[in-house]
Amino acid sequence: MSGRALVTGGAGFIGSHLVEGLLGAGFSVRVLDDFSSGREENLAAVARRVEVVRGDCCRAEDAQAAVKGAELVFHLAALPSVQRSVEDPFLAQRKNLDATLVMLDAARRAGVRRFIYAGSSSVYGDSAELPRHEGLCPEPLSPYAAQKLAAEHYCRVFAACYGLHTVALRYFNVYGPRQDPSSPYSGVISLFIAALLDGRAPVIFGDGRQTRDFVFVGDVVAANLLAAARDLAPGSIINVASGRRVTVRELFATVRTAVGGAALCLEPVFAPERPGDVRDSLADLTRARALLGFQPAVSLGEGVRHTVAGFRNATQRQPKEKLP
Ligand code: UD1
């Protein structure tokens, strides 16, 4: 494959892995990122091979400049947190929905060949049926989920009204190296690893029997590359997940084993359930297999070990504090 790809949010956790995947597949890559949560370090390994544009997806001028000459747009920039969206739905609306509309508009004006949107499993809410397939009626439970769903609808509308070829991938719970654990809104695996490496007890919200379908970031990159290459109907919506679910308690045990050493003596602390959280989540991957030929390759145990190793390496690379 070749050509130019734009990755919005390309300095973020998932975005930076996608940038590496695209470079590996022969694309030239441009990144649009406002660095509100993205970090230059995430792109350090490929910095000389990527064009990085600091800008805001909500600003039409920034969006138009970034899509210029791009054949593919991967729109990952977002405020990816259910909890943040509950606390500040207006900021989340701007970053999750307004930004998508501006990027879609810029992409169709520039004649982009395909627009691949990073959607979210949160749109399913607590709908009774498990596993969740794309034909289910969405039941968003948080501003984040409502915004992600509305953005998906815009993708379909841009396919129907303007002939822009869009694909929405519904990511389930993505994890892997470089996931930032520094905010209370971070993904649970990154928070568990950071706490255990630090000798602190991780917090489990609720009874810990809620379930999630965790997918390794490398598998998400693979799904994006397939979504760019495969013959797909414009406006397609496709789950991206591992197709397996674990309870948060089981996850804790898996992470603790992977960290090992002194962490094996640590027990979780329980705190009240978070508002907006769904109870259970599991993807039906029938469509992903049929349309993309997608097959998740990394098991949770393997992915968690890989992620722990990534966190350990990153800690070693951090500058040591100067002694007085
Ligand atoms: C949700 C969405 C996901 C979206 C993500 C963005 C669902 C099913 N998933 O993830 O698609 O991309 O938001 O943020 O809606 N937890 C703890 N302790 C912690 C942190 C979290 O017990 O320190 C628990 C949470 O209560 C939750 C689970 O772990 O039950 C996963 O939480 P998190 O990693 O924040 O992701 P979701 O909110 O499930």
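Quick caveat, the model's predicted, so the values are computed rather than measured. Numbering of ligands and ligand atoms starts at 1, following listing order. Numbering starts at 1 and runs along the sequence shown.
Going from atom CG of Leu43 over to atom NE2 of His17 covers 10.5 Å, rounded to the nearest 0.5 Å.
Within ligand 1, the atoms closer than 4.0 Å to a non-hydrogen atom of Gly187 are 34 (O), numbered from 1 in the order shown. Counting the atoms of ligand 1 from 1 in the order shown, those under 4.0 Å from a heavy atom of Ser281 are 8 (C). In the vicinity of Ser81, heavy-atom distances shorter than 4.0 Å reach the ligand 1 atoms 14 (O). Atoms of ligand 1 found under 4.0 Å from any heavy atom of Tyr144 (numbered from 1 in listed order, with element): 4 (C), 6 (C), 12 (O). Atoms of ligand 1 lying under 4.0 Å from any heavy atom of Asp277, numbered from 1 in the order shown and given with element: 25 (C), 26 (O), 27 (C), 30 (O). Atoms of ligand 1 lying under 4.0 Å from at least one heavy atom of Val278, given by number and element, are 8 (C).
Protein heavy atom nearest atom 3 (C) of ligand 1, with residue, atom name and distance: Ser120 OG, 3.7 Å. For atom 30 (O) of ligand 1, the closest non-hydrogen atom of the protein is Gln210 NE2, 3.0 Å. Distance from atom 36 (O) of ligand 1 to its nearest protein heavy atom, with residue and atom name: Asn173 ND2, 3.1 Å.
The distance between the ring centers of Phe216 and Tyr175 falls below 6.0 angstrom.
Neither side chain, Tyr124 nor Glu134, offers a donor N or O lying under 3.5 Å from an acceptor on the other.
The proximity of Ile189 to ligand 1, defined as any non-hydrogen pair under 4.0 Å, does not occur for either the backbone or the side chain.
Residue-ligand proximity: Tyr124 is placed with every non-hydrogen atom at 4.0 Å or more from ligand 1.
Which of Arg212, Arg274, Arg245 comes nearest to atom 35 (O) of ligand 1 through a heavy atom is settled by distance: it is Arg274. The option with the heavy atom closest to atom 7 (C) of ligand 1, from among Ala78, Ser121, Ala145, is Ser121. Between the choices Asp126, Val174, Val269, Val188, the shortest heavy-atom distance to atom 31 (C) of ligand 1 belongs to Val188.
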